[in-house]
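Here is the structure we will look at, set down as structure tokens.
Numbering starts at 1 and runs along the sequence shown. One-based numbering, in listed order, for ligands and for the atoms of each. Being a predicted model, the structure only gives us computed values, none of them experimental.
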Amino acid sequence: TYVVTENCIKCKYMDCVEVCPVDCFYVGENMLVIHPDECIDCGVCEPECPAEAIVPDSDDKATAWVELNRTYATQWPNITRKGEAPADADEWKDKPGKKELFSP
Ligand code: SF4
Ligand code: F3S
């Protein structure tokens, strides 16, 4: 499965949801997650994310996020259409230490 990681927080560009063939993205207040049982591992979302937030679960960067994706994918609503990204999304892009800003 692929996993949404820290870089998505407060960027939330949502380009990813438009390309997913199985609509397995779920939306929280300031980031998205992927449902690991629904993701078919196609990889098409990975290059679409301007924040490079999406990685395969085998990636080192995924480790801290695998469980979080699983947990919130069953609690948050599904999202299939790109909405408007936060006005300050570009300012948060590539900022380190966003994990503590995660908002369930
Ligand atoms: Fe959807 Fe494919 Fe990305 Fe999985 S890897 S979330 S199936 S686009
Ligand atoms: Fe997040 Fe990237 Fe999608 S910033 S909402 S994973 S396009």
Side-chain angles (χ1 to χ4, degrees):
T1 183
Y2 279 69
V3 180
V4 185
T5 65
E6 176 165 341
N7 282 10
C8 182
I9 293 174
K10 287 188 161 283
C11 284
K12 207 181 179 184
Y13 289 110
M14 293 172 279
D15 300 79
C16 52
V17 305
E18 291 280 339
V19 299
C20 181
V22 295
D23 294 340
C24 64
F25 282 91
Y26 294 80
V27 56
E29 192 188 312
N30 62 18
M31 80 174 287
L32 269 54
V33 292
I34 291 170
H35 196 308
D37 297 334
E38 296 174 358
C39 173
I40 58 170
D41 247 353
C42 71
V44 301
C45 58
E46 185 182 16
E48 294 299 319
C49 175
E52 296 181 8
I54 303 175
V55 298
D57 63 353
S58 54
D59 191 292
D60 283 350
K61 275 181 278 183
T63 314
W65 297 89
V66 172
E67 273 314 303
L68 186 144
N69 275 243
R70 179 175 286 283
T71 299
Y72 289 100
T74 61
Q75 296 179 21
W76 291 348
N78 188 241
I79 178 171
T80 58
R81 286 291 170 86
K82 181 175 158 70
E84 209 161 308
D88 57 353
D90 291 346
E91 288 161 42
W92 287 99
K93 201 170 154 223
D94 303 324
K95 279 225 172 119
K98 291 197 288 182
K99 187 162 194 208
E100 59 198 45
L101 302 172
F102 171 76
S103 183

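- Listed by chain and number, the protein N, O or S atoms at a distance under 2.8 Å from atom 1 (Fe) of ligand 2 are Cys8 SG.
- Salt bridge annotation for Lys82-Asp15: present, with a cationic side-chain nitrogen under 4.0 angstrom from a carboxylate oxygen.
- Protein N/O/S atoms closer than 2.8 Å to atom 2 (Fe) of ligand 1, listed by chain and residue number, are Cys42 SG.
- Leu32 is listed as a side-chain neighbour of Cys16, based on a closest heavy-atom distance under 4.5 Å.
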Please tabulate, for the side chains in residues 53-66, all donor-acceptor contacts under 3.5 angstrom to protein atoms that are two or more places apart in sequence or on a different chain.
unit_1 : atom_1 : unit_2 : atom_2 : d
Asp59  : OD1    : Lys61  : N      : 2.7
Thr63  : OG1    : Asp60  : O      : 2.9

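- By the 4.5 Å heavy-atom criterion applied to side chains, Trp76 and Val33 are counted as neighbours.
- Residue-environment remark: CD (Glu84) stays at or below the threshold of 12 foreign heavy atoms within 6.0 Å.
- With sequence neighbours excluded, no residue satisfies salt bridge (charged side-chain N to carboxylate O under 4.0 Å, His left out) with Asp41.
- Residues Val27 and Lys12 meet the side-chain proximity criterion, which asks for heavy atoms closer than 4.5 Å.
- Under a 4.0 Å criterion applied to the non-hydrogen atoms of Ile34, ligand 1 contributes the atoms 6 (S).
- Of all the atoms in ligand 1, the ones that sit under 4.0 Å from a non-hydrogen atom of Phe25 are 6 (S).
- Looking only at side-chain heavy atoms (C-beta outward), Ile34 and Val3 stay at 4.5 Å or farther from each other.
- None of Lys95, Glu29, Lys98 except one satisfies the side-chain contact (heavy atoms from CB on, under 4.5 Å) rule with Ile9; the exception is Lys98.
- In this structure, Phe102 has its ring center closer than 6.0 angstrom to the ring center of Tyr72.
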